[in-house]
Amino acid sequence: MDRTSKHIVIVGGGYVGMYTGLRLQRTLRRELRNGSVRITLIDPQSYMTYQPFLPEAAAGSISPRHVVAPLRRVLPKIRILNGKVAKVNHEQRELTFEPIVGEPREIGYDVVVMAAGSVSRTLPIPGLADAAIGFKSVGEAIALRNRVLALLDRAESADDEDVRRRALTFVVVGGGFAGIEALAELQDMTDDAISYYPSIKKGDLRWVLIEATDRILPEVGPEMGTWTAEQLRERGIELKMSTRLNSVVGGQVETSDGDSFEAATVVWTAGVKAAPIVLSGDLPLDERGRIKTTTQLTVSGVEGAFAAGDVAGVPDLTHPGEYCAPNAQHAVRQAKVLGDNITAYLRGRPLRDYKHKYVGSVAGLGLHKGVANVYGVKLRGWPAWFMHRTYHLSRVPTTNRKVRVMADWTLSLFFRRETVSLGEIEHPRDQFRAAAAG
């Protein structure tokens with residue numbers, strides 16, 4: 001390790017990792033230029049995914065390439081390493097890096113930033129791992145889109161009613177933002193798509209939401225959550241509230257209310273947990289399995305370690321005794337304070353607390369439909385949909401991506417969205433192998 005310069009390692013290239021890198025590029029401009037500070041960011045992917053746009057990408061309203069920001073372009077002064085961190089040994093100030101190809105190696109550092117985010121929180125439900133798909137990555141969103149459209153193709157081409165019924169039954173587990181937006185956008189997309197399928201009527205499609213609690217979208221408040229539930233039911237979507245998924249072996253869905261039916265698509269969005277890297281190191285954890293963090297975004301009781309976002313338990317100063325919610329709004333704002341505090345730490349200056357009141361939430365429910373509760377102002381329908389798009393357009397990183405998203409939306413005003421399944425891109429060598437075998 002080069003001891004002539006300070007080395008900052010950022011573990012994770014999501015919201016916190018990328019935005020912290022952006023902040024450090026500005027606040028440490030002089031140090032990066034003269035070489036007294038080096039920054040490395042480690043992530044399996046070479047891009048950051050703007051997750052609030054995943055539902056629209058899945059529905060075909062936005063190109064999937066436009067919901068990601070290439071890290072090397074956005075962070076030109078930071079070295080990007082693609083792979084995963086297998087272990088953090090903070091006592092020795094080094095971590096074990098496993099590249100995508102090649103042998104693991106140790107990387108030393110002076111400051112580590114834990115920003116690995118979260119992964120889907122699953123439960124030991126029989127068949128879940130084999131039958132379900134998550135909704136946290138652009139790969140999952142596009143695979144889900146291709147699957148839904150391919151199942152329309154399957155149903156249109158089949159005479160067997162059991163095959164058609166299974167193909168046209170779609171289940172989403174989890175009534176938070178990810179689940180509701182994915183459900184609403186995909187149902188909206190299929191309503192458009194079936195105009196090209198003569199044998200499929202809207203009534204043939206079955207959309208089911210399974211939610212363990214008695215409410216959906218708790219972030220927008222009880223009143224707007226109830227309104228959203230009513231709107232979804234009017235669109236023909238079944239809401240199974242206070243219901244748990246008991247089994248999904250072989251695509252046979254069994255729920256705690258005694259219902260049992262076949263479904264070819266099960267989407268799991270029932271919560272998240274801190275990335276597994278938190279369990280492979282010597283940094284302290286809180287009772288929820290997250291890195292124990294102070295209000296200044298430093299790791300509790302540890303020098304030279306910082307954490308923020310979903311991987312960290314950050315105390316919420318606006319609600320004493322509680323923690324900041326694991327959402328994009330907090331992650332982006334924490335990254336700004338995190339970048340400033342790392343700079344202050346390196347320069348021997350005081351650190352400041354992270355304090356941000358949650359201002360509210362917006363959710364899209366398909367084209368021209370939405371719900372919002374921002375600063376106590378409650379909107380529904382078209383105004384909420386417009387606010388949803390405006391807010392997230394302002395937050396998506398880089399002018400390049402803002403313009404491209406705007407172009408996608410503008411084109412959608414004049415042309416219908418594409419409803420073609422490209423599922424073969426997930427297995428591009430199948431046809432070649434078949435030809436070679438024949």
Side-chain angles (χ1 to χ4, degrees), residues 1-43 71 74-75 77-81 85 88-95 97 106-117 274-275 277-278 281-286 290-317 323-324 330-356:
M1 178 177 174
D2 181 7
R3 291 296 181 181
T4 62
S5 64
K6 296 289 186 180
H7 189 200
I8 302 171
V9 174
I10 302 173
V11 180
Y15 292 110
V16 173
M18 194 197 75
Y19 282 106
T20 298
L22 276 170
R23 191 70 176 177
L24 291 174
Q25 282 187 156
R26 291 193 291 269
T27 58
L28 293 175
R29 187 182 296 111
R30 182 180 69 251
E31 289 86 345
L32 289 168
R33 187 167 54 245
N34 63 30
S36 60
V37 169
R38 295 175 295 124
I39 306 175
T40 300
L41 185 149
I42 301 174
D43 193 274
L71 294 174
V74 175
L75 304 172
K77 298 176 183 177
I78 294 175
R79 186 186 183 194
I80 308 297
L81 298 180
V85 174
V88 176
N89 185 350
H90 190 66
E91 185 177 353
Q92 299 297 322
R93 299 292 176 105
E94 66 179 19
L95 53 81
F97 168 62
E106 304 301 317
I107 296 178
Y109 60 81
D110 296 282
V111 174
V112 67
V113 181
M114 300 301 294
I277 182 58
V278 301
D282 55 357
L283 297 174
L285 305 182
D286 66 13
R290 301 168 301 187
I291 295 175
K292 193 173 183 180
T293 311
T294 71
T295 56
Q296 297 176 336
L297 306 179
T298 61
V299 177
S300 297
V302 175
E303 279 288 321
F306 295 78
D310 293 0
V311 81
V314 180
D316 188 348
L317 289 176
Y323 293 96
C324 294
H330 277 301
V332 173
R333 287 167 171 79
Q334 286 171 7
K336 180 179 179 181
V337 176
L338 181 56
D340 289 344
N341 280 354
I342 293 170
T343 300
Y345 172 78
L346 292 177
R347 294 175 178 172
R349 297 174 181 171
L351 279 58
R352 66 187 178 100
D353 291 327
Y354 171 74
K355 185 176 183 179
H356 171 72

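Both backbone and side-chain heavy atoms feed into the values below; hydrogens, waters and symmetry mates do not.
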Side chain [X], main chain [Y], donor-acceptor under 3.5 Å:
X      : Y      : answer
Glu31  : Ser36  : no
Asn341 : Leu351 : no
Thr293 : Ile291 : yes
Thr20  : Val16  : yes

Looking at every heavy atom in both [X] and [Y], which two are closest together, and how far apart are they?
X      : Y      : answer
Asp110 : Ser5   : OD2-O, 3.7 Å
Tyr15  : Ala331 : CB-CB, 3.8 Å
Ser300 : Thr294 : OG-CG2, 3.7 Å
Arg290 : Ala274 : CG-CB, 4.1 Å
Pro350 : Ala344 : O-CB, 3.6 Å
Cys324 : Pro315 : SG-O, 3.9 Å

Taking atom [atom1] of [X] and atom [atom2] of [Y], what is their separation to the nearest 0.5 Å?
X      : Y      : atom1 : atom2 : result
Leu32  : Ile78  : CG    : CD1   : 7.0 Å
Leu81  : Ile10  : CG    : CD1   : 11.5 Å
Ile80  : Leu41  : CD1   : CG    : 4.5 Å
Thr298 : Glu303 : OG1   : CD    : 8.5 Å
Tyr19  : Gln334 : OH    : CD    : 13.5 Å
Met114 : Ile277 : CE    : CD1   : 5.5 Å

Q | Beyond-backbone contact of Met18 with Leu71, side-chain heavy atoms, under 4.5 angstrom | A | yes
**Q.** Test item: Leu283 and Val278 side chains (from C-beta on) under 4.5 Å apart, heavy atoms
**A.** no
Q: Check the pair Val311 / Val11 against side chain to side chain contact (heavy atoms under 4.5 Å, CB included), numbers first and verdict last.
A: CA-CA 11 Å; Val311 81; Val11 180; over 6 Å; no
Q: Fit a plane to each ring of Tyr354 and His356, take the angle between them on a 0 to 90° scale, and name the class: parallel (under 30°), tilted (30 to 60°) or perpendicular (over 60°).
A: tilted
Q. What do the steps show when you test Gln296 against Asp353 for side chain to side chain contact (heavy atoms under 4.5 Å, CB included), and what is the final call?
A. CA-CA 4 Å; Gln296 297 176 336; Asp353 291 327; 3.2 Å; yes
Q: Could you check Val85 against Val9 for side chain to side chain contact (heavy atoms under 4.5 Å, CB included), going step by step and ending with a plain yes or no?
A: CA-CA 11 Å; Val85 174; Val9 174; over 6 Å; no
Q: Apply the test side chain to side chain contact (heavy atoms under 4.5 Å, CB included) to residues Asp340 and Thr27: give CA-CA distance (whole Å), side-chain angles for both, the deciding distance (0.1 Å), then the verdict.
A: CA-CA 7 Å; Asp340 289 344; Thr27 58; 3.5 Å; yes
Q) Only one of Lys6, His7, Glu94, His90 clears side chain to side chain donor-acceptor pair (under 3.5 Å) with Tyr109; which? A) His90
If you draw a 6.0 Å radius around [atom1] in [X], do more than 12 non-hydrogen atoms from other residues or ligands fall strictly inside?
X      : atom1 : value
Arg79  : CZ    : no
Lys77  : NZ    : yes
Arg349 : CZ    : no

(Q) Which residue is it: Ile39, Leu22, Leu24? I am looking for the one with a side chain to side chain contact (heavy atoms under 4.5 Å, CB included) to Leu75. (A) Leu22
